[in-house]
Amino acid sequence: MKLVTFGISTPVGEIRRVGAITADGRIVDLTAAREIQLREDNCAEAEKAAVKECPDKMLEFIRGGEAALKAAKDAMVYIEEKNITEQCGLRAVYRAEEVKILTPLPRPNSVRCFSLSEKHMLDGIASMQDAEAWGNTKPSLTKMPEEWYNLPTYYKTGTTEIYGPDEVVPWPAITNKFDYELEIGVVIGKEGRNVPEEEGESYIYGYTIYNDWSTRDFQNREMSVNLGPGLCKDNASSLGPCIVTKDEIDDIEKVKFTVSVNGETWAETHADFYFPLKHLVYYVSAVQTIFPGDIFTTGTLPGGSGGEKKSWIQPGDVVEFSGEGIGVLRNIIGEKGAAVQLPAAQRSWLDAERKRDC
């Protein structure tokens, strides 16, 4: 399934729902579809049962695991076979243009940013030795750290500055070298501690696209004190447009990804993980409990940042990441230092009761 969080505009504010994208591009409200199905089956308290079986918030839906996915799939099949869009005033299907696709997980539990591509690391280190091109700052690395080959290390980034598709991303006033990073977001689907490596894959719920916006000149300054990354990465990230469940992608390393800026292709690439994803689950869970709704990012894919080739984006640019079978994550770059609308993670929304006519 391709799962989304979408917003419905109302005169009193935005309502958010969990949906799935159909083959023809429509959006199914999974909770509403399940309620319609349960009402047809004469289920007592169908509304409460639908919310329990197909939660209307993405984090809770992921926590529902396979049971929630099965209920959602059954509901989608039911309304498609019955050709139901709305019943008793309860809307279940929307055209894409009727809703706003938001970041699928506005507030993940946590975001752990790994670095799994040796090629990206080597190319990035080589590029940053050109101090003038990187904003006249001393490079934070001059060679590949030896421990990179032994430990799948990560840092944690913020969970509040997460932007969704087509949102304007602010250009922080602290930088003259703003950059994108094309990464894969791996969504964790089960709670676990001390997970054996051979079982690690079973903890992966699905995949999304992640953009780790980076302030390159400030990044070198900040990391020169052997701490961080901090503000150089926490300033913003983007996630979306959907979460594709693991069963729909046979091998994530075979998926083709593309970076486009203002409609021009800047990179075409694939993942090349030095450590397998199952090892990340094993590595983290040996010390910390992982939870449904955690996100592990893979680090930049080869060629997936402007800094590698010293090709810098500018204010007003449109940056698009596309992944086969996943979709397009598009953002617009704001003016340097200018305020932009808060991301969906920080905007208020209505947890409103839906009206029904029967």
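Everything numeric here is computed off the predicted structure, so don't read it as measured data.
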Could you go through the side chain to side chain donor-acceptor pair (under 3.5 Å) check for Ser305 and Glu308 one step at a time? CA-CA 6 Å; Ser305 68; Glu308 288 168 72; 2.8 Å; yes

Arg347 versus Leu102, closest heavy-atom pair with distance: NH2-CD2, 3.7 Å

Please walk me through it: do Ser237 and Asp212 pass side chain to side chain donor-acceptor pair (under 3.5 Å)? CA-CA 5 Å; Ser237 57; Asp212 187 14; over 6 Å; no

Anything under 30° is parallel, anything over 60° is perpendicular, the rest tilted; go ahead and classify Phe114 against Tyr154. tilted

Aromatic ring centroids of Tyr274 and Trp148 under 6.0 Å? yes

With side chain to side chain contact (heavy atoms under 4.5 Å, CB included) as the test, would you mind laying out the steps for Thr31 and Phe61 before giving the verdict? CA-CA 10 Å; Thr31 313; Phe61 187 89; over 6 Å; no

To the nearest 0.5 angstrom, please state how far the CE atom of Met121 sits from the OH atom of Tyr149. 8.5 Å

Under 4.5 Å between any side-chain heavy atoms of Asp74 and Arg34, yes or no? yes

For Phe218, does the CZ atom sit with more than 12 other heavy atoms under 6.0 Å from it, leaving out its own atoms? yes

Residues at least two apart in sequence or cross-chain that pass salt bridge (Lys or Arg N to Asp or Glu O under 4.0 Å) with Glu253, listed by chain then number, are none

Charged N-O contact under 4.0 Å between Glu181 and Lys233: yes

Lys246 atom NZ, neighbour heavy-atom count above 12 within 6.0 Å: yes

Quick one, Thr265 and Ser260 - any side-chain contact, counting heavy atoms below 4.5 Å? yes

When you compare the side chains of Tyr207 and Glu248, does any donor N or O come within less than 3.5 Å of an acceptor on the partner? no

Could you tell me if the side chain of Arg91 sits less than 4.5 Å from the side chain of Asp29, heavy atoms only? no

Check whether any side-chain N or O of Thr297 sits under 3.5 Å from a backbone N or O of Gly185 as a donor-acceptor pair, and report yes or no. no

Distance, nearest 0.5 Å, that separates CD of Gln346 from OG1 of Thr160: 5.0 Å

Check salt bridge (Lys or Arg N to Asp or Glu O under 4.0 Å) between Asp56 and all other residues, then give those that pass, not counting sequence neighbours. Arg17

Interatomic distance, Leu277 atom CG to Ile252 atom CD1 [nearest 0.5 angstrom]: 8.0 Å

Tell me, yes or no, whether the heavy-atom count around Glu66 atom CD, taken from other residues, nucleotides or ligands under 6.0 Å, exceeds 12. no

Minimum heavy-atom separation for Cys242 to Thr208, with atom names? O-OG1, 2.7 Å

Pair Lys190 + Glu199: basic N to acidic O under 4.0 Å: no

Evaluate whether atom CD of Glu147 has more than 12 neighbouring non-hydrogen atoms of other residues, nucleotides or ligands under 6.0 angstrom away. yes

Taken to the nearest 0.5 Å, the spacing of Ile188 CD1 from Ile62 CD1 works out to 10.0 Å

So, do Tyr94 and Phe6 have ring centers that fall under 6.0 Å from each other? yes

Where does the angle between the aromatic ring planes of His279 and Phe275 fall among parallel (under 30°), tilted (30 to 60°) and perpendicular (over 60°)? parallel

Using a 6.0 Å cut-off, check whether atom CZ of Arg107 has over 12 heavy atoms from anything other than its own residue. yes

Does Glu146, at its CD atom, have more than 12 non-hydrogen atoms belonging to other residues, nucleotides or ligands within less than 6.0 Å? no

Would you indicate whether Lys309, at its atom NZ, is surrounded by more than 12 heavy atoms from other residues, nucleotides or ligands within a distance under 6.0 Å? no

Taking salt bridge (Lys or Arg N to Asp or Glu O under 4.0 Å) as the definition, give me every residue that meets it alongside Glu45, ordered by chain and number, with sequence neighbours left out. Lys48

Between the main-chain N or O of Pro104 and the side-chain N or O of Thr5, is there a donor-acceptor pair closer than 3.5 Å? yes

Would you mind listing every side chain to side chain donor-acceptor pair (under 3.5 Å) that reaches into residues 314-335, with sequence neighbours excluded? Asp166-Arg330, Ser238-Asn331, Asn262-Asp317, Glu320-Arg330

Any salt bridge between Asp217 and Arg221, counting N to O under 4.0 Å? no

Identify, with sequence neighbours excluded, every residue that meets salt bridge (Lys or Arg N to Asp or Glu O under 4.0 Å) alongside Lys278. none

Would you say NZ of Lys119 has more than 12 non-hydrogen atoms from neighbouring residues, nucleotides or ligands within 6.0 angstrom? no

Exactly one candidate in Lys138, Lys310, Arg216, Lys177 meets salt bridge (Lys or Arg N to Asp or Glu O under 4.0 Å) with Asp130; the answer is Lys310

I'd like to check Phe296 versus Ile204 (side-chain heavy atoms, cut-off strictly below 4.5 Å). Are they in contact? no

If you look at every heavy atom in Ala345 and Pro106, which pair is closest and at what distance? CB-O, 3.0 Å

For Thr269 and Pro302, indicate whether the former's side chain and the latter's backbone hold a donor-acceptor pair under 3.5 Å. yes

Any side-chain donor paired with an acceptor under 3.5 Å for Thr157 and Asp234? yes

Exercise: identify the closest heavy-atom pair between Ser117 and Thr300: CB-O, 3.4 Å

Please name the residue in the list Tyr163, Trp171, Phe178, Tyr180 that meets the ring pair (Phe, Tyr, Trp, His ring centres under 6.0 Å) test with Trp213. Phe178

State, with a plain yes or no, whether a side-chain heavy atom of Thr22 is found less than 4.5 Å away from one of Val28. yes

So, does Thr245 use its side chain to make a donor-acceptor pair with the main chain of Gly206 at under 3.5 Å? no

Side-chain polar contacts of residues 77-85 - donor-acceptor pairs under 3.5 angstrom, sequence neighbours left out - could you list them?
residue: Tyr78; atom: OH; partner: Glu40; partner atom: OE1; Å: 3.4

Side-chain heavy atoms of Pro229 within contact of Met223, under 4.5 Å: yes

I'd like to check Leu280 versus Leu116 (side-chain heavy atoms, cut-off strictly below 4.5 Å). Are they in contact? yes

To the nearest 0.5 Å, atom OG of Ser115 lies from atom CG of Leu151 at 12.5 Å

Looking at Arg112 and Asp294, does any basic side-chain N land under 4.0 Å from a carboxylate oxygen? yes

Got a second to check how far Ile162's CD1 is from Thr103's OG1, nearest 0.5 Å? 6.0 Å

Quick check: do Leu30 and Met1 have side-chain heavy atoms less than 4.5 Å from each other? yes

